[in-house]
K.L.:
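Questions regarding the structure given below will be posed in turn.
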Amino acid sequence: MIKLDDTHAYLKEDIKSYQDVVTKCHEMLMKGTGKGNDYTGWVEWPNNYDKKEFARIKKVAEEVRNKCEVFIVCGVGGSYLGARAAIEMIHGLYSQKKPEIIFMGNTFSSTYIAQIMKYIKDKEVCVNVISKSGTTTETSLAFRILKQFMEEKYGEKEASSRIIATTDKEKGTLKEIATKEGYETFTIPDNIGGRYSVITPVGLFPIAVAGIDIDAIMVGLKKAYDDLASDDVDKNPAYAYAVCRRILDKQNVHGEMLITYEPQMELVAEWWKQLFGESEGKDGKGNFPMSATFTTDLHSIGQFIQEGKRLIYETTILIEKPTLDFEFPTDDADMDHMNYLAGKSIDWVNKMAAKGTLQAHGVIGKIPNIVLTIPDMGAESFGYMCYFFFKACAISCYMLDINPFNQPGVEVYKKSMFHLLGKN
Ligand code: PA5
């Protein structure tokens, strides 16, 4: 379902020459003998996810859909990005689907929080608070505000029936609060870390509340599990992609810009940046993940990419079939001189722009380009794409001898911040 084209990647080594190291990394991942092996639960998840909990997710999501206008997802990092990426990719940005989904708990911005609180004041609200550790400060701060708001608005009992917690099965502050208040609770598996958790209740519950078919996500996930099972780089595009990244890194192109031509994929790019950035950026190693949406950003950083300092390679995601398409109209007067496009589909124009940009950046500018083609922006493709990037990321990290599943560097800002905030 995902095709990789490295024609314009300018690799100075053959991908196949990395087969032995890839096989070694593959075995480490599949046998659970690599670094961070406590967190490889996502590998077999397409086969062994908890079917009972999955059914409960669908049931509770339906109840929530029927009783709220606004659904607040309160979480940060891996406890937020995947759900938002899926909802935006699958629904688009102006779908007007109900309930409206709002994301909180991912910032300390007083303006952002205050505006949301004002916006939801007179609306019917349900809340999903998500935190694996149960103690993340951005999320805890927002949740206290939301909890008090819900209790004042609905009374304690009704508030408790409108708040759903997704957290560890037995430990952590959030688990304690959920138990005391009698919240409906979903479990984050011990062996799946935040940025790999969109395929667990962390992502699936808000995605289901948004009205998306989560069965289709699991179908895509399982297809990817089957398609990407081989360690052979000729048969496994996720592994070929991991090797391309390592070769380009060796060629001193350390920045990877994920390019999409669909604004509704911007959050997928944010999710991808977290996955690769937090997994791989350690020990002074890793490719720096960044993103751009074309053609929009061709009118800003496009200039730098074409002619500026050589810092990056591009990984371009092309979508074969758009969610919606329509024909560009004719205008008899043609005062805007746009009739040369009359009768053409808008998606065709977008595709020609992508082709032209690949020519400009890849062929003329010699900026290495890896092209990944995805069939569409539906739920099945989303599930497939998640698993594709999970596997690519894990192998890419193991090739660097890095633990893909921890994030020790994140603690440094927390420590400094806690000191300034007077936290003991
Ligand atoms: O990938 C990760 O592990 C992190 O980004 C976490 O998801 C993020 O820090 C939020 O953590 P928690 O779910 O414990 O609140």
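We count ligands from 1, going down the list as the structure has it; atoms in each ligand are counted the same way.
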K.L.:
Would you mind listing which atoms of ligand 1 come within a distance below 4.0 Å of any non-hydrogen atom of S133?
P.N.:
12 (P), 14 (O), 15 (O)
K.L.:
Touching ligand 1 at all, T139? Heavy atoms, strictly under 4.0 Å?
P.N.:
no
K.L.:
Which residue owns the protein heavy atom closest to atom 10 (C) of ligand 1, what's the atom, and how far is it?
P.N.:
V76 O, 3.3 Å
K.L.:
With K51 as the cation and Y49 as the aromatic partner, state whether NZ or CZ is under 6.0 Å from the six-membered ring centre and within 45° of the axis.
P.N.:
yes
K.L.:
I'd like to know if K123 pairs up with E69 as an ion pair, taking the criterion as any Lys NZ or Arg NE/NH1/NH2 lying under 4.0 Å from an Asp or Glu carboxylate oxygen.
P.N.:
no
K.L.:
Show me which atoms of ligand 1 lie under 4.0 Å from any heavy atom of Q407.
P.N.:
3 (O)
K.L.:
Which protein heavy atom lies closest to atom 5 (O) of ligand 1, and at what distance to 0.1 Å?
P.N.:
Q274 NE2, 2.7 Å
K.L.:
If you take the nearest heavy atom of each of C74, G194, G77, which one is closest to atom 3 (O) of ligand 1?
P.N.:
G194
K.L.:
A cation-pi test, strictly: NZ or CZ of K58 under 6.0 Å from the centre of the six-membered ring of F54 and no more than 45 degrees from its axis. Yes or no?
P.N.:
no
K.L.:
Using a strict 4.0 Å cut-off to heavy atoms of E278, name the atoms of ligand 1 that fall inside it.
P.N.:
1 (O), 2 (C), 4 (C), 5 (O)
K.L.:
Looking at atom 6 (C) of ligand 1, what's its closest protein heavy atom, distance included?
P.N.:
G78 N, 3.8 Å
K.L.:
How far is atom 12 (P) of ligand 1 from its nearest protein heavy atom, and which residue and atom is that?
P.N.:
T136 OG1, 3.3 Å
K.L.:
How about Y94: does its OH atom have over 12 heavy atoms from other parts shown lying under 6.0 Å from it?
P.N.:
no
K.L.:
Quick one: which ligand 1 atoms are inside 4.0 Å of a heavy atom on R195?
P.N.:
1 (O), 2 (C), 3 (O)
K.L.:
I'd like to know whether the aromatic ring centres of Y239 and Y18 sit less than 6.0 Å apart in this structure.
P.N.:
no
K.L.:
Any carboxylate oxygen within less than 4.0 angstrom of a Lys/Arg side-chain nitrogen, looking at K147 and E181?
P.N.:
yes
K.L.:
Are D168 and K171 close enough for a salt bridge, meaning some N to O gap below 4.0 Å?
P.N.:
yes
K.L.:
Is it true that the side chains of N369 and E314 contain a donor and an acceptor less than 3.5 Å apart?
P.N.:
yes
K.L.:
With heavy atoms of S79 as the reference, note each atom of ligand 1 found under 4.0 Å away.
P.N.:
7 (O), 12 (P), 13 (O)
